[in-house]
Each structure stands twice: as C-alpha cells, then as structure tokens.
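Remember, it's a predicted structure, so these values are computed and weren't measured experimentally. A note on names: the letters A, B, ... follow the listed sequences, proteins ahead of strands, and every chain is numbered from 1.
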There are 2 protein chains.
Amino acid sequence: MSNQEGRAPVLGDASADDCSCLSIAPLGEDESVELARLFKALGDPVRLRLLSMIATRGGGEVCVCELTPAFDLSQPTISHHLKLLREAGLIAAARRGTWVYYRVLPEATDRLAAVLARPEVSEGGRK
Amino acid sequence: MSNQEGRAPVLGDASADDCSCLSIAPLGEDESVELARLFKALGDPVRLRLLSMIATRGGGEVCVCELTPAFDLSQPTISHHLKLLREAGLIAAARRGTWVYYRVLPEATDRLAAVLARPEVSEGGRK
DNA sequence: CGTCTATATTGACAAACATCGATCCAGAAG
DNA sequence: CTTCTGGATCGATGTTTGTCAATATAGACG
C-alpha cells in the first residue's frame, strides 16, 4: 500500500530491442508482457470511453465527478476502472480540494500507436 | 458452426462518428465495444507475440507448425489464441494441404493505430 | 481401406475480472 | 469538534479467461 501510481512502466527501457514495432522484429517475452498489460487496460469498453473522455480534454484535466454520471455503473466500478487505467500508466490523477482530476499520459498511447504502426510501405523497396 | 472467421468486424461502419480517434470526440458506446474487443485480443503476451511473429513476415504467411514450438505452451493453447486473434479480425487463416498458414490483416492494426494516434500538435494552434 | 501428422475442438478447472453494496478516508464547511 | 460530500477501498459474487489432457477432424500416404 505504498505507491500504486508512482509506477511508470510505460516508458520503461523494457528491452534493448531494435524496434518497438510489431512487424519488424518479433516481440521479446518481456516486452510482450509489458505491452499486453497496456492493451488489456484498453480491452474494456468502459475504460476506452473513460480514456476517450479524458483525452478529449486535450491535455487538460477531467473531474471524476464528470465521468461517473456518464455511465450506468456504480461509482465504485468507475473508480475501479480509473484505477486500472492509472496502474497501466495511461492516465494520472491529481487531487484538488475535494475533487480528483484525471489527465492522459500521452507517452503511453504514443507507444502503443508506435507498436501498431506499420514502418512505411513507401516505394518498391521490396527485396 | 458456420462462419467463425468470415466475420470482419474490423472495417465495420461501426459508427458514423466524425473521427475514429481517442482525443477528438469521445467514443460512442458501440464503437468502444467494438474497439475494446480488438484491444482485448492484444491484451495477452502470447497473442501479442503470435501476432508479432506473423506480422514480421511482412504480408507473407506463417505456418502454425512454426508458431507452436516457439512457446512453452500446449498445442491446443496456441490454437486457442490463434482463434481469438482470428475472431477479432486481426489475422486470417489459410489451409494448404496438411498445414495451416496465418497472415496479418493490416486493416485491423491500422485502425487501432489510428485510434491511438494523436491528431498532430503541430504549431501553437492553442486557443 | 487404415495410418500418420498437423490443427481444431471439447470439457474441466483455477485464476482473473467486472460489478455491486457497504464502508472508509480526505477535505470543506459549519 | 461534527457533518457533509467526492472518491477510494473492501468483500462478495457471477462471469470470463488461460491452460491442459483428451478427442476429433482434415488431408497425405500407404
């Protein structure tokens, strides 16, 4: 019960692989475990919508009191999903007075986007 | 037991939203359900490595007989993971003789990459 | 036909997960 | 201090998931 949001496994130097991209070199075991944790956090409709609602603020912060009533789910459930997104390193929380505000950590989504991106099919550079 | 791989929910016209991107407009419920199914398929280290091993072939096909021995898992387990990737629309299978070959469907990963991509932070276009 | 080999499917089981109600904690405001 | 409110945590519960051994299917080869 010490630091559950102090972890930043996202930018970690997970592997000295040459490419954090699916289609260049096969993913190593460690890197795949780390990436799978991120993708799993996105593998729920509620969390995807939460992340989207927060990301729409473009760097700004969103109060939890604004997120919770947007779903047909109990307040503990939303809090649980926010915690998973936080533990995955996709969002960060900041308390201000009575309210808690969340913001997106773009490094995480950037990394996933880079993993999924194709490395250019540009000209006929075929072998 | 009719068509379990004939489905291509990936390119579906899931929603008439303006943007299939996280940070422009919040995701709708339907679209988030559909995207979450794709991300969930990537939310497992074994499946990520499988996809990566197939994608490394750059459009080519990979025999299952080449994938299975790369893991410390039973053959049915690998077959199960390949099935999930297939049902998610991320890969497709083709039987040739006794062997089955898998290839990546780039439209799926492209779509996920587009969802995660940031729409350019270019110059100081701040309000 | 029967046999062998490569995948897929089935059934079972433990672990992980999503959800809820109840409760707790942290600040604000009396 | 006490009370109120926003949010997190706890405990329980039903569902999903990852894994395996056993079995089934599909094609090749006698």
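- Using a 4.0 Å cut-off, some side-chain N or O of B:H81 falls inside it from OP1 or OP2 of D:dT19.
- Rounded to an integer number of Å, the gap from CG of B:D44 to C1' of C:dA15 is 13 Å.
- Scored by the side chain to side chain donor-acceptor pair (under 3.5 Å) test, B:T98 finds no partners at all (sequence neighbours excluded).
- Residue contacts for B:L67: at a heavy-atom cut-off of 4.0 Å it reaches no nucleic acid atom on any strand shown.
- Between B:Y102 and C:dA6 there is no side-chain N or O to OP1 or OP2 distance below 4.0 Å.
- Between B:E87 atom CD and D:dT16 atom C1' there is a gap of 14 Å when expressed in whole angstrom units.
- Nucleotide D:dG18 holds its C1' atom 16 Å from the CZ atom of B:R49, rounded to whole Å.
- Judged by distance alone, with hydrogens and angles left aside, the side-chain atoms of A:S32 form no donor-acceptor pair with the main-chain N or O of B:R49 at under 3.5 Å.
- In the set D:dG18, D:dT17, D:dG7, the nucleotide with an atom closest to the side chain of B:K40 is D:dT17.
- No donor-acceptor pair under 3.5 Å is formed between the side chain of B:S52 and the backbone N or O of B:L48.
- With C:dC20, C:dT5, D:dG18 as the candidates, the nucleotide lying closest to the side chain of B:R47 is D:dG18.
- A:L73 comes within 4.0 angstrom of sugar-phosphate atoms only, judged by non-hydrogen atoms across all strands, and of no base.
- Distances shorter than 4.0 Å separate none of the side-chain N or O atoms of B:R95 from OP1 or OP2 on C:dA6.
- Taking 4.0 angstrom as the limit, A:T98 places none of its side-chain polar atoms (N or O) nearer than this to OP1 or OP2 of C:dG27.
- Residue A:T77 places at least one side-chain N or O closer than 4.0 Å to OP1 or OP2 of C:dC20.
- Side-chain atoms of A:C65 lie closest to D:dG7 of the nucleotides D:dT19, C:dG21, D:dG7.
- Within the 3.5 Å criterion, the main-chain N or O of B:Q75 finds no donor-acceptor partner in the side chain of B:S79.
- Atom CG in B:L42 sits roughly 16 Å away from atom C1' in D:dG18 (whole-Å rounding).
- Rounded to whole Å, atom P of C:dC4 lies 17 Å from atom CH2 of B:W99.
- Put simply, CZ on B:F39 is 17 Å from P on D:dT17, counting in whole angstrom units.
- Distance CG (B:L84) to C1' (D:dG18): 9 Å, rounded to an integer number of Å.
- Comparing D:dG7, C:dT7, D:dC10 by their nearest atom to the side chain of B:C63 picks out C:dT7.
- The one candidate from A:L84, A:L82, A:I78 that meets the side chain to side chain contact (heavy atoms under 4.5 Å, CB included) condition with A:H80 is A:L84.
- Distances were taken from every side-chain heavy atom of A:V46 (C-beta onward) to each of D:dT19, D:dA8, C:dT19; the shortest belongs to C:dT19.
- Geometrically, B:R96 engages B:Y101 in a cation-pi contact defined by less than 6.0 Å to the ring centre and at most 45° from the axis.
- Phosphate proximity of D:dA8 to A:S79: present, with a side-chain N or O under 4.0 Å from OP1 or OP2.
- The base of D:dA8 is paired with the side chain of A:Q75 by a donor and an acceptor separated by under 3.5 Å.
- Side-chain proximity of B:H80 to C:dT7, D:dA8, D:dG18: nearest is D:dG18.
- Going from atom CZ of B:R96 over to atom P of C:dT7 covers 12 Å, rounded to whole Å.
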